[in-house]
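Worksheet: one structure, shown below.
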Amino acid sequence: MSIPVNFNLVDGVPMAFTDAVWRHNFTSTIPVTVIHAGEVYVTTGTLVPKSPTEMGEAVRKSLDTGGSASRMGTRTAGDHEPTATELANLGPELGSCAIEFAFRPSSAAA
């Protein structure tokens with residue numbers, strides 16, 4: 001199965017934010033192949049539930065390292081950069097979990 005996901009880099013950890021049903025495949029660590037920036041990584045992925053505060057912080061950190069707000073489904077007025085607290089206040093709309101991947105990209109480019 002192949003599923004495109006939005007790449008997020010949070011504190012050097014690559015992850016995908018999702019509430020899609022397929023996330024339950026990752027309730028235990030499973031092997032996956034990730035293609036990022038043209039490189040293939042044979043690695044593992046693990047589902048990590050996150051509180052609204054943790055999601056707000058993770059999304060803010062992803063945005064700070066080149067993550068795309070529009071690909072994450074968030075929009076802001078003008079040039080406003082949302083804070084972690086503002087993002088956390090979106091609650092369930094922001095999501096409630098991430099799949100963390102056990103590889104480190106050779107490039108931090110998103």
Side-chain angles (χ1 to χ4, degrees):
M1 178 183 302
S2 178
I3 300 173
V5 296
N6 190 23
F7 180 84
N8 299 281
L9 192 61
V10 178
D11 294 331
V13 178
M15 57 182 67
F17 302 142
T18 186
D19 277 338
V21 174
W22 56 262
R23 75 186 184 280
H24 296 293
N25 293 327
F26 292 88
T27 54
S28 58
T29 301
I30 64 168
V32 295
T33 301
V34 174
I35 301 170
H36 170 65
E39 294 194 41
V40 177
Y41 300 90
V42 177
T43 187
T44 58
T46 304
L47 182 68
V48 179
K50 295 195 177 287
S51 70
T53 298
E54 291 169 326
M55 275 303 290
E57 290 170 358
V59 169
R60 181 67 258 164
K61 288 178 180 181
S62 176
L63 294 172
D64 291 342
T65 58
S68 169
S70 62
R71 285 188 301 204
M72 284 187 255
T74 60
R75 293 199 167 93
T76 60
D79 292 337
H80 178 69
E81 290 289 330
T83 66
T85 300
E86 289 172 325
L87 291 164
N89 287 337
L90 294 173
E93 292 178 27
L94 189 61
S96 62
C97 61
I99 297 168
E100 294 185 0
F101 299 104
F103 76 94
R104 296 301 174 259
S106 58
S107 166

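Keep in mind that what you see is a predicted model, and the values were worked out from it rather than measured.
Residues satisfying the salt bridge (Lys or Arg N to Asp or Glu O under 4.0 Å) test with D11, not counting sequence neighbours, are K61. For E100, the salt bridge (Lys or Arg N to Asp or Glu O under 4.0 Å) criterion is met by K50, not counting sequence neighbours.
Here L87 contributes atom CG and L63 contributes atom CG; the two are 6.5 Å apart, rounded to the nearest 0.5 Å. Taking CG of D79 as the start and CD of E81 as the end, the distance is 8.0 Å to the nearest 0.5 Å. For the atom pair T85 OG1 and L90 CG, the distance stands at 11.5 Å (nearest 0.5 Å).
Using a 30° and 60° split on the angle between ring planes, F103 and Y41 fall in the parallel class, below 30°.
With hydrogens and angles ignored, the 3.5 Å screen pairs a side-chain donor or acceptor of R23 with a backbone N or O of D19.
In this structure, the side chains of T18 and I99 come closer than 4.5 Å at one or more pairs of heavy atoms. In this structure, the side chains of V34 and F7 stay at 4.5 Å or more apart for every pair of heavy atoms.
The nearest pair of heavy atoms linking V32 to G45 is CG2-N, 4.0 Å. When all heavy atoms are compared, the tightest approach of M15 to A98 is SD-CB, 3.8 Å. The minimum heavy-atom distance linking G12 with R104 is given by the pair O-CD, 3.1 Å. Closest approach of P105 and L9 over heavy atoms only: CG-CD1, 4.3 Å.
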Is there a side-chain hydrogen bond (donor to acceptor under 3.5 Å, both in side chains) between T29 and T44? Walk through the geometry before answering.
CA-CA 6 Å; T29 301; T44 58; 5.5 Å; no
Candidate pair V48 and C97, rule side chain to side chain contact (heavy atoms under 4.5 Å, CB included), full reasoning
CA-CA 6 Å; V48 179; C97 61; over 6 Å; no
Starting from the C-alpha separation in whole Å, work towards a yes-or-no answer on side chain to side chain contact (heavy atoms under 4.5 Å, CB included) for F17 and N8.
CA-CA 8 Å; F17 302 142; N8 299 281; 3.5 Å; yes
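Cluster note: I35 groups with V40 through ILVMFWY side-chain heavy atoms spaced under 4.5 Å, whether in direct contact or through intervening members.
I3 and F101 end up in the same hydrophobic cluster when Ile, Leu, Val, Met, Phe, Trp and Tyr side chains are linked at under 4.5 Å.
Residue E86 qualifies as enclosed at atom CD: its count of foreign heavy atoms under 6.0 Å is above 12.
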